[in-house]
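Okay, structure first, notes after.
When a residue number appears, it is its place in the shown sequence, counting from 1.
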Amino acid sequence: MKIVILDGYTADPSGLAWKALEEMGELTVYERTKPDETIERAKDAEIVLTNKVLLKRHEIEQLPKLRYIGVLATGYNVVDLEAASEYGIIVTNVPAYSTESVAQMVFSHLLTVTNHTEYYACQNREGRWTASPDFSYWDTPLTELAGKTFGIVGLGNIGQRVAAIAHAFGMPVIAYTSKLVDELPKYIRKGTMDEVLAESDVLSLHCPLTPNTQHLICQQTLQKMKPSAILINTGRGPLINDQDVADALNRNSLRAFCADVLTEEPPKADNPLLRCENAYITPHIAWASIEARTRLVDVAMNNVRAFVEGKPQNVVTR
C-alpha cells in the first residue's frame with residue numbers, strides 16, 4: 001500500500017512523526033507540493049494525506065488508485081467531498097486538536113492590544129526605563145478587561161472555550177449562535193447579530209466559512225460596531241473584507257484588528273491590513289503549538305490505522 005503526504009512540513013518539520021506510517025505501507029513524504037505536482041505525486045497512492053494541497057474533482061478523477069484522503073486539519077474544504085464520495089474515497093479530518101491553542105491565541109492578541117507587553121519589553125531592552133526620571137512610565141492606553149463585553153460569533157469547541165476564558169476575566173459574554181438558550185452556560189447571553197455587533201467591546205469570530213458568512217465583517221457590519229471595539233479573527237480569513245476593515249482602522253472607527261488568518265495566505269505585499277498601525281497579524285500559527293501539533297499527528301496516524309483496519313473514524317464524507 002502506497003501512502004503519500006503532500007505537505008508534511010508545517011505539521012511536522014522534522015518529519016520524524018510520520019515514521020509510524022511506514023508500518024502501514026510504503027511512505028513518501030513531501031514537504032510541500034505545488035498544484036501542478038499533485039497528480040504526479042499521488043497517482044499511485046491508495047492513501048493521501050494533505051493539509052492545504054487541494055484535492056478537488058480535477059485531481060480526484062485522475063487518481064484511480066486513491067481510496068483514502070486524510071486531512072491534516074479540522075477544516076476539510078481542501079477536498080471535494082462530493083467527488084470523493086462518487087469515487088468511493090473515504091475522507092477524514094482531525095477534529096478539535098487545536099481548541100486550547102487557538103483560544104490561547106485569541107487572548108494573546110487581545111492582551112497585546114490592551115497591555116502592550118511586547119512593546120514595552122522591546123523599549124526597555126533599548127534602555128527606555130533606565131533613562132526614565134520616574135519609577136513608572138507609559139505612553140499607550142492600558143485597558144482592563146473586566147466588565148468589558150466580549151462578543152462571539154460561532155460557539156463550536158473553540159468559541160465555547162474562548163467564552164469560558166472571557167468569563168474568567170470578568171467579561172460579560174454575548175454570542176451569536178445557532179445553539180438554543182437552554183444549551184448555553186448561564187454566563188453566555190444569546191443575542192442577534194446586530195446586538196452582538198453593537199454591544200461588543202471585543203468581537204471574536206469562530207464561525208465556519210460559508211457563502212452566508214463570507215465577508216460577514218464588512219463596511220455595513222463595521223458601522224454597527226463601537227469605534228472603540230477590538231475585532232479578532234482566528235477563524236477563517238474571508239470572514240472579513242480586508243479593505244473594509246483596513247478602512248475602518250485608518251479612519252479610527254475601529255480600535256484594533258487582530259488576526260491569525262487572512263483571505264490569502266501567504267498574503268500579497270499590497271494587502272491593506274499589513275500597512276495598518278492598529279492591525280496585529282500573526283502568520284496562521286494559532287494551531288501550531290507543540291502540544292496541538294502532537295495531537296494532530298497522533299489523531300491523523302490513528303485515522304489511517306483505523307482505515308487500514310477497516311474501521312474508519314472521523315469520517316467527513318457521507
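Side-chain N or O atoms of Asn115 include none that pairs as donor or acceptor with a backbone N or O of Thr117 at under 3.5 Å. A donor-acceptor pair is defined here as one N or O able to donate and one able to accept, closer than 3.5 Å; such a pair exists between the side chain of Ser200 and the backbone of Val196. Put simply, the side chain of Asn51 never gets that close to the backbone of Asp7: no donor and acceptor are under 3.5 Å apart. In this structure, the side chain of Asn124 engages the main chain of Trp129 through a donor-acceptor pair within 3.5 Å. Under a 3.5 Å cut-off, the side chain of Asp12 and the backbone N or O of Ala17 do form a donor-acceptor pair. Distance alone, capped at 3.5 Å, is enough to place a donor-acceptor pair between the Thr192 side chain and the Glu195 backbone. Thr50 places no side-chain N or O within 3.5 Å of a backbone atom of Leu6 that could act as its donor or acceptor partner. The backbone N or O of Gln123 lies less than 3.5 Å from no partner atom in the side chain of Glu126, so there is not a single donor-acceptor pair. Without hydrogens or angle criteria, Ser101 side chain to Trp287 main chain gives no donor-acceptor distance under 3.5 Å. Under a 3.5 Å cut-off, the side chain of Arg255 and the backbone N or O of Leu231 do not form any donor-acceptor pair.
Val162 and Leu203 are assigned to two separate hydrophobic clusters, defined by single-linkage of ILVMFWY side chains at heavy-atom distances under 4.5 Å. Val53 and Leu72 sit in two unconnected hydrophobic clusters of ILVMFWY residues. Membership requires side-chain heavy atoms under 4.5 Å apart, directly or through other members. Linking ILVMFWY residues whenever their side-chain heavy atoms come closer than 4.5 Å, directly or via other members, leaves Leu155 and Tyr176 in distinct clusters. No path of Ile, Leu, Val, Met, Phe, Trp and Tyr side chains, each step under 4.5 Å between heavy atoms, connects Tyr68 with Val79, placing them in separate hydrophobic clusters. Residue Ile240 is grouped with residue Leu254 when hydrophobic side chains (ILVMFWY) are merged at heavy-atom distances under 4.5 angstrom, including chains of intermediate members.
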Report all side-chain donor-acceptor pairs from residues 214-223 shorter than 3.5 Å, counting only partners two or more places apart or in another chain.
{"unit_1": "Thr221", "atom_1": "OG1", "unit_2": "Leu216", "atom_2": "O", "d": "2.9"}
{"unit_1": "Thr221", "atom_1": "OG1", "unit_2": "Cys218", "atom_2": "N", "d": "2.8"}
{"unit_1": "Thr221", "atom_1": "OG1", "unit_2": "Cys218", "atom_2": "O", "d": "3.2"}

Check residues 204-211 and write down every donor-acceptor pair under 3.5 Å in which the side-chain atom is one partner and the other belongs to a residue at least two apart or another chain.
{"unit_1": "Ser204", "atom_1": "OG", "unit_2": "His206", "atom_2": "NE2", "d": "2.7"}
{"unit_1": "Thr210", "atom_1": "OG1", "unit_2": "Asn212", "atom_2": "N", "d": "3.2"}
{"unit_1": "Thr210", "atom_1": "OG1", "unit_2": "Thr213", "atom_2": "N", "d": "3.2"}
{"unit_1": "Thr210", "atom_1": "OG1", "unit_2": "Thr213", "atom_2": "OG1", "d": "3.4"}

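Under the salt bridge (charged side-chain N to carboxylate O under 4.0 Å, His left out) criterion, the residue pairs touching residues 77-106 are Arg57-Glu86, Glu100-Arg161, with sequence neighbours excluded. For the salt bridge (charged side-chain N to carboxylate O under 4.0 Å, His left out) condition, the pairs that include at least one residue of residues 196-215, sequence neighbours left out, are Arg189-Glu199, Asp201-Lys226. Applying the salt bridge (charged side-chain N to carboxylate O under 4.0 Å, His left out) definition to pairs two or more places apart or across chains, none involves residues 143-159.
Annotation: the span from Thr177 atom OG1 to Ile152 atom CD1 amounts to 9.5 Å, rounded to 0.5 Å. Taken from CG in Leu273 to CG in Asn250, the straight-line distance is 9.0 Å, to the nearest 0.5 Å. The distance from the CZ atom of Phe307 to the CG atom of Asn314 is 14.0 Å, given to the nearest 0.5 Å. With rounding to the nearest 0.5 Å, the separation of OG in Ser85 from CD1 in Ile90 is 9.5 Å. Rounding to the nearest 0.5 angstrom, the gap separating the CD atom in Glu46 from the NZ atom in Lys65 is 8.0 Å. Leu66 CG to Ile89 CD1: the interatomic distance, rounded to the nearest 0.5 Å, is 4.0 Å.
Other residues, nucleotides and ligands contribute at most 12 non-hydrogen atoms within 6.0 Å of the CD1 atom of Ile290. For Lys56, the NZ atom sits in a packed shell: over 12 heavy atoms of surrounding residues, nucleotides or ligands are nearer than 6.0 Å. The environment of OH in Tyr137 is crowded: more than 12 heavy-atom neighbours from other residues, nucleotides or ligands sit within 6.0 Å. Within 6.0 Å of OH in Tyr280 there are more than 12 heavy atoms belonging to other residues, nucleotides or ligands. Counting non-hydrogen atoms of neighbouring residues, nucleotides and ligands closer than 6.0 angstrom, the OH atom of Tyr76 reaches no more than 12 such neighbours.
A salt bridge does not link Lys268 to Asp242: none of the charged side-chain nitrogens sits closer than 4.0 Å to a carboxylate oxygen.
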Could you go through Met105 and Ile285, starting from their C-alpha distance and side-chain angles, then the distance that decides it, and tell me whether this counts as side chain to side chain contact (heavy atoms under 4.5 Å, CB included)?
CA-CA 9 Å; Met105 180 61 79; Ile285 56 172; 3.6 Å; yes
Does the side chain to side chain contact (heavy atoms under 4.5 Å, CB included) test come out yes or no for Leu55 and Val91, once each step is laid out?
CA-CA 11 Å; Leu55 288 167; Val91 182; over 6 Å; no
Could you give me the CA-CA distance, side-chain angles and deciding distance for Asn302 and Val299, then say whether side chain to side chain contact (heavy atoms under 4.5 Å, CB included) is met?
CA-CA 5 Å; Asn302 288 335; Val299 174; 5.5 Å; no
Decide yes or no on side chain to side chain contact (heavy atoms under 4.5 Å, CB included) for His58 and Ile39, but give the supporting numbers first.
CA-CA 9 Å; His58 171 71; Ile39 294 171; 3.8 Å; yes
Could you check Thr234 against Asp260 for side-chain hydrogen bond (donor to acceptor under 3.5 Å, both in side chains), going step by step and ending with a plain yes or no?
CA-CA 5 Å; Thr234 56; Asp260 188 57; over 6 Å; no
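In this structure, Arg295 is not positioned above the aromatic face of Tyr97 in the sense of NZ or CZ being under 6.0 Å from the six-membered ring centre and within 45° of the axis.
Taking the six-membered ring where the residue is Trp, the centroids of Phe150 and Tyr187 are separated by 6.0 Å or more.
For Glu183, there are no salt bridge (Lys or Arg N to Asp or Glu O under 4.0 Å) partners at least two apart in sequence or on another chain.
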